[in-house]
Structure formats: C-alpha cells, structure tokens
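Everything below concerns the one structure shown next.
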Amino acid sequence: MFFTAWATLAVLGVYFWTWGVAGYARVRYKVPAPSMEGPEAFQRAHRVQMNTLEMLPLVLVPLWLCATFLGDLWAAAGGLLWCLGRIMYALGYYRDPAKREAGFILGMLACAALIGATVFGLLMR
C-alpha cells in the first residue's frame, strides 16, 4: 500500500493547504475567532477549507478500500486525481465561486471511481 500511503499524505496536504489559506485570510482580514463573518475573500477561503474537510471521508475511506480490494496503484491514482480536482476547485473558488465547478466535478468523479473500483474489486473476489 506504498502508493496509497503517499496519496493519503497528498490528500491531507491539500487539506492542510486549504486550512493555511483560511487561517491566513482570518489574520489578513482581521476576522476574530469564532466569527465566520468577514469580507468575501475570507468567506471564500473558509468555505473552501470546510468543503474540503467535508470531502475527506468521501475520499479517504474508498481510497483505502480500493487499495485493499483492487490494488495500490488504482487507489493512488484515484487519490491523486481527487487532489488535482480539489486544487482546481480551490483556485477557482478563490477567484470566483462560479469557477469552482470543473474542480468539483473532477473530485467527485475521482470519489465515484474509487467507490466503483472498490465494488469491482469486491465482486472479483
């Protein structure tokens, strides 16, 4: 599960990146905790972080199930595809929330592929 472990670290790295951007925005725009109200740029950064956090179970669970029941490389590829989608999502959302769709779709397709691959792997056993 060598490659899946690296993909997991990449997934967590994407989350920590969004967390850092949100934290920086909180400081930059002087939004004291626990407030969620602030300039739109802060709200975008915070929303990206929270949306990414909400997606972690949907990617991490099927990532490891896929690695277990289909194979390490397939799982890692799905995890890295999710990372690419989330980065596209975040960069689009930071610029303009209407520009987040392509990244969102890619990330969800990666999750669906990991789930489908897990089901395939289970059926082949």
Side-chain angles (χ1 to χ4, degrees):
M1 311 279 182
F2 179 80
F3 294 109
T4 301
W6 280 109
T8 299
L9 291 175
V11 166
L12 295 175
V14 169
Y15 173 69
F16 277 111
W17 169 64
T18 65
W19 171 81
V21 171
Y24 175 76
R26 183 175 289 281
V27 171
R28 179 176 181 197
Y29 298 108
K30 297 176 178 56
V31 179
S35 179
M36 297 300 153
E37 298 298 320
E40 187 175 338
F42 164 75
Q43 291 180 20
R44 288 179 189 178
H46 181 262
R47 208 49 248 151
V48 167
Q49 180 215 356
M50 294 310 295
N51 286 343
T52 303
L53 176 63
E54 292 163 0
M55 291 294 299
L56 288 181
L58 193 58
V59 68
L60 290 174
V61 172
L63 176 71
W64 282 93
L65 288 172
C66 180
T68 302
F69 294 105
L70 187 63
D72 186 34
L73 288 176
W74 289 105
L80 294 177
L81 186 63
W82 182 88
C83 289
L84 176 63
R86 267 341 258 191
I87 291 167
M88 289 171 53
Y89 171 87
L91 295 175
Y93 207 128
Y94 294 148
R95 280 188 302 255
D96 176 4
K99 298 188 185 294
R100 71 190 191 281
E101 284 116 10
F104 176 80
I105 291 168
L106 184 59
M108 290 304 288
L109 288 174
C111 290
L114 287 167
I115 293 167
T118 299
V119 169
F120 178 77
L122 285 167
L123 292 173
M124 297 312 298
R125 288 190 175 227

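All heavy atoms count here, side chains included; hydrogens, waters and symmetry mates do not. The first residue in the sequence is number 1, and the count goes up from there. All figures in this text were calculated on a predicted structure; none of them were measured in a lab.
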Give me the other members of the hydrophobic cluster that [X] sits in, counting Ile, Leu, Val, Met, Phe, Trp and Tyr linked by side-chain heavy atoms under 4.5 Å, directly or via other members.
X	result
L84	L81, M88, L106
L80	none
V27	none

Does atom CH2 (W17) have a neighbourhood of more than 12 heavy atoms from anything else shown, all under 6.0 Å?
yes

Is it the case that atom OH in Y94 sees more than 12 heavy atoms from other parts of the structure closer than 6.0 Å?
yes

Between M1 and T68, is there a side-chain heavy-atom distance shorter than 4.5 Å?
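The answer is yes; the side chains approach within 4.5 Å.
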
State, yes or no, whether a side-chain contact exists between L56 and L53 at a heavy-atom distance under 4.5 Å.
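SC-SC contact between L56 and L53 confirmed.
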
Tell me every residue that passes salt bridge (Lys or Arg N to Asp or Glu O under 4.0 Å) with R44, counting only those two or more places apart in sequence or in another chain.
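So R44 forms a salt bridge (Lys or Arg N to Asp or Glu O under 4.0 Å) with E40.
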
Suppose we screen for salt bridge (Lys or Arg N to Asp or Glu O under 4.0 Å). Which residues come up paired with R26, at least two apart in sequence or across chains?
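Not a single residue meets the salt bridge (Lys or Arg N to Asp or Glu O under 4.0 Å) criterion with R26.
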
Using the rule given for side-chain contact (heavy atoms from CB on, under 4.5 Å), can you reason through Y89 versus N51, listing the C-alpha separation, both sets of side-chain angles and the distance that settles it, and then say yes or no?
CA-CA 10 Å; Y89 171 87; N51 286 343; 2.5 Å; yes

Polar side-chain atom of R86 near backbone of C83 as donor-acceptor pair, under 3.5 Å:
no

Could you check V119, T118, L122 and say which one makes a side-chain contact (heavy atoms from CB on, under 4.5 Å) with L65?
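The single option meeting the side-chain contact (heavy atoms from CB on, under 4.5 Å) with L65 is T118.
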
Qualifying residue, where the test is side-chain contact (heavy atoms from CB on, under 4.5 Å) with V59 and the options are T52, V11, I115:
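Passing option: V11.
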
Which heavy-atom pair separates A41 from Y29 by the least distance, and what is that distance?
CB-OH, 3.4 Å

Of all heavy-atom pairs between P57 and P62, which one has the smallest distance, and what is that distance?
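That would be O-CD, 3.6 Å.
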
Set of residues satisfying ring-ring contact (aromatic ring centres under 6.0 Å, His included) with respect to F42, sequence neighbours excluded
H46

Could I get the full list of side-chain hydrogen bond (donor to acceptor under 3.5 Å, both in side chains) partners for [X], not counting sequence neighbours?
X	result
W74	none
Q43	none
Y93	none
E37	none

[atom1] of [X] to [atom2] of [Y]: how many Å apart, nearest 0.5 Å?
X	Y	atom1	atom2	result
F16	Q49	CZ	CD	10.5 Å
F2	L73	CZ	CG	11.0 Å
L58	M108	CG	CE	5.0 Å

With hydrophobic residues grouped by side-chain heavy-atom distances under 4.5 Å, do [X] and [Y] end up in a single group?
X	Y	value
Y24	V31	no
L60	L9	no
M55	L114	yes
W64	F3	no
L91	V48	yes

For A75, what residues pass the side chain to side chain contact (heavy atoms under 4.5 Å, CB included) criterion, not counting sequence neighbours?
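If we apply the side chain to side chain contact (heavy atoms under 4.5 Å, CB included) test to A75, skipping adjacent residues, the hits are T4, L63, C66, A67.
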
Please list all pairs passing the salt bridge (charged side-chain N to carboxylate O under 4.0 Å, His left out) test where one or both residues lie in residues 54-64, with sequence neighbours left out.
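Only R47-E54 qualify under salt bridge (charged side-chain N to carboxylate O under 4.0 Å, His left out).
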
